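The figures here come from the full heavy-atom set of this structure, side chains too, leaving out hydrogens, waters and symmetry mates. Keep in mind it's a predicted model, so treat the numbers as computed, not measured. Quick note: residue numbers are just sequence positions, from 1.
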Amino acid sequence: MSSETKKKGSFAFVAVETVVLGVYAILCEYMYYMQTLKLEAGLYESDLPYHIEMALDGWGYSLTAIVYRLLSMLPASNHLIAIFLSLCTIAAILVTQKWVSLCVQNKWISFGIALSSGFVMAFFIRAVQYSRYFGYQCGSIWHNSTYIVMKVFAAATFFLYCLIAKRYGKKFTWKDWGFFAVLLAVTTATKTSFVLAFAPAALLMLGLDLYLKIPVKKVLLVATTVVPTIAIVLLQQTVLFGDDTGNGITIDFAYSVYLTTGRPYLTMPLSVLFPLVVLGFNAWPVLKKTFADLKERKGELTHRDYIFSWLMWFVGFAEYVLLRETGNRAKDGNFSWGYDFCIFILFVVSMVYFVKNLKDETFANKKVRIVYGVFAGAILLYHFVCGVYFFAMILQGYTYFL
């Protein structure tokens with residue numbers, strides 16, 4: 001391929017990416033602005049007006065609340081807040097694209113995966129659950145502003161962890177420590193949901209690293225990156241669950257799940273149908289290679305990112321199913337936010353594996369590869385179509401309960 005052809009291809013890619021993300025950003029800005037107005041009859045229904053009010057009342061405890069307070073001091077503050085949330089929405093796609101591009105050496109495919117990850121929703125079947133969102137779970141959310149902001153930092157934190165984890169046994173600098181510790185702390189200060197799923201999963205992986213003979217000093221050093229975050233969590237919990245709030249946390253199996261659906265045994269697998277299909281086709285190859293890595297104790301797992309994404313999903317799932325809040329937050333189902341983000345990550349990593357499966361001929365039998373590609377691809381397409389349709393509807397003002 002000539003240099004001239006490469007330049008044209010690069011220009012075409014940048015042009016398409018800019019137009020697509022630019023249009024999406026404008027649509028999001030309009031939608032978020034309409035959400036700030038708190039219109040009657042549930043039009044453009046969201047949590048945004050309440051988050052702004054909480055911030056201005058001084059009750060908001062997150063970094064998002066600080067941003068809202070600052071922007072509210074300026075003219076056209078509602079538009080500024082909408083622009084801020086729109087930029088966060090686009091930033092989450094760009095951060096995802098950056099990591100995916102390291103895994104898939106094709107910028108068009110990388111952008112396609114990143115863009116799709118911002119829209120994929122549950123495999124909707126109305127006979128199973130009447131609502132496209134309520135009762136299912138997904139990582140594509142446009143009505144909760146703290147989740148939208150958290151998603152950017154949480155994605156960056158997760159992907160940075162994946163990069164560091166692959167080399168920290170050999171190289172882990174204080175710069176790495178500081179950057180990751182600050183990023184994790186900022187993510188937590190935005191919304192606690194991410195770290196509640198991430199930290200237990202990361203702790204389990206550190207235990208596995210000790211078995212793989214990663215130096216104890218390196219493991220302990222990585223573990224200490226959570227120290228600033230612990231301080232933030234304790235502060236947030238004091239605000240949310242202090243003695244004068246009447247709120248708390250208790251174990252109550254499936255309480256939060258049944259708040260939104262009577263058939264969680266169907267809606268929960270449908271929410272992650274594509275990742276489950278990819279797992280079904282990859283379980284044996286991944287397990288086989290992982291056991292070989294563990295046997296060699298070579299200090300690195302070939303499928304570390306994939307294993308960690310499923311492990312974090314399981315932690316988020318367990319917390320969502322087992323725990324609930326008490327007091328006036330009992331019916332909010334707030335443990336779902338961390339689980340929703342885990343689903344987002346699961347889709348991203350599963351899409352990467354899906355592309356790799358088709359490109360590196362993981363399955364020697366060509367017919368199996370074709371069946372897998374068509375079957376899983378069709379399911380992924382429907383996940384994406386469900387998200388695009390949902391976005392188009394709420395963009396017109398329909399409630400997210402639709």
Side-chain angles (χ1 to χ4, degrees), residues 61-64 92 95 99 137 139 146-147 149-166 168-169 172 176-212 214 216-241 248-251 256 301 304-325 333-346 348-349:
Y61 59 89
S62 71
L63 288 180
T64 307
V95 168
W99 181 79
Q137 296 81 38
T146 52
Y147 177 88
V149 179
M150 181 202 75
K151 188 177 181 180
V152 183
F153 296 107
T157 303
F158 177 87
F159 297 138
L160 179 60
Y161 167 83
C162 290
L163 295 176
I164 290 177
K166 291 181 178 180
Y168 88 90
F172 186 70
D176 293 330
W177 188 97
F179 192 46
F180 183 76
V182 169
L183 189 55
L184 181 61
V186 169
T187 303
T188 306
T190 304
K191 198 175 183 71
T192 319
S193 307
F194 168 74
V195 75
L196 294 180
F198 173 81
L203 181 61
L204 291 173
M205 293 300 293
L206 288 177
L208 189 59
D209 288 337
L210 289 174
Y211 175 80
L212 292 170
I214 299 293
V216 176
K217 289 183 179 179
K218 292 286 184 66
V219 173
L220 291 177
L221 185 59
V222 171
T224 59
T225 57
V226 79
V227 172
T229 296
I230 292 175
I232 293 173
V233 170
L234 292 176
L235 175 62
Q236 290 176 331
Q237 299 314 298
T238 300
V239 175
L240 291 174
F241 305 109
I249 298 176
T250 187
I251 297 175
S256 297
L301 295 175
R304 184 185 186 101
D305 297 349
Y306 191 62
I307 293 171
F308 184 68
S309 67
W310 271 105
L311 181 59
M312 199 169 85
W313 171 88
F314 178 77
V315 172
F317 171 82
E319 290 174 349
Y320 178 47
V321 172
L322 295 176
L323 302 176
R324 74 171 175 89
E325 293 173 307
N334 285 316
F335 280 101
S336 66
W337 299 119
Y339 180 53
D340 288 336
F341 180 80
C342 293
I343 290 177
F344 159 72
I345 287 297
L346 201 57
V348 173
V349 178

Worksheet item: Can the ring centroids of Tyr161 and Tyr168 be said to lie less than 6.0 angstrom from one another?
Response: no

Discussion item. I'd like to check the side-chain contact (heavy atoms from CB on, under 4.5 Å) partners of Leu210; sequence neighbours left out, ordered by chain and number.
Written reply: Val216, Val219

[X] side chain near [Y] side chain, heavy-atom distance below 4.5 Å:
{"X": "Thr64", "Y": "Lys191", "result": "no"}
{"X": "Leu184", "Y": "Phe180", "result": "yes"}
{"X": "Asp209", "Y": "Lys218", "result": "no"}
{"X": "Trp99", "Y": "Val348", "result": "yes"}
{"X": "Leu323", "Y": "Ile251", "result": "yes"}
{"X": "Thr224", "Y": "Trp177", "result": "yes"}
{"X": "Leu208", "Y": "Leu204", "result": "no"}
{"X": "Phe159", "Y": "Ile345", "result": "yes"}

Worksheet item: Which residue pairs satisfy the side-chain hydrogen bond (donor to acceptor under 3.5 Å, both in side chains) criterion with at least one member in residues 309-321, sequence neighbours excluded?
Response: Tyr306-Trp310, Trp313-Tyr339

So, taking the atom named [atom1] in [X] and the one named [atom2] in [Y], what distance separates them when rounded to the nearest 0.5 Å?
{"X": "Asp305", "Y": "Lys166", "atom1": "CG", "atom2": "NZ", "answer": "4.0 Å"}
{"X": "Ile232", "Y": "Thr188", "atom1": "CD1", "atom2": "OG1", "answer": "6.0 Å"}
{"X": "Leu160", "Y": "Asp176", "atom1": "CG", "atom2": "CG", "answer": "7.5 Å"}
{"X": "Leu196", "Y": "Phe335", "atom1": "CG", "atom2": "CZ", "answer": "6.5 Å"}
{"X": "Leu234", "Y": "Thr229", "atom1": "CG", "atom2": "OG1", "answer": "11.0 Å"}
{"X": "Glu325", "Y": "Asn334", "atom1": "CD", "atom2": "CG", "answer": "4.5 Å"}

Fill in: Pairing residues for Phe344 by the ring pair (Phe, Tyr, Trp, His ring centres under 6.0 Å) criterion, not counting sequence neighbours
Phe341

Item to complete: Look only at the side chain of Thr190 and the backbone of Leu63, and say whether a donor-acceptor pair between them is shorter than 3.5 Å.
Response: no

Fill in: Residue pair Ser62 / Thr146, side-chain donor-acceptor N/O under 3.5 Å
no

Discussion item. Applying ring pair (Phe, Tyr, Trp, His ring centres under 6.0 Å) to Phe158 and Phe194, what does each step give before you reach the verdict?
Written reply: CA-CA 9 Å; Phe158 177 87; Phe194 168 74; 7.5 Å; no

Worksheet item: Would Lys151 and Asp340 pass as an ion pair if we require N to O under 4.0 Å?
Response: no

Minimum heavy-atom separation for [X] to [Y], with atom names?
{"X": "Cys342", "Y": "Gly316", "result": "SG-CA, 4.3 Å"}
{"X": "Gly338", "Y": "Ser193", "result": "N-CB, 3.5 Å"}
{"X": "Leu183", "Y": "Thr187", "result": "O-OG1, 2.8 Å"}

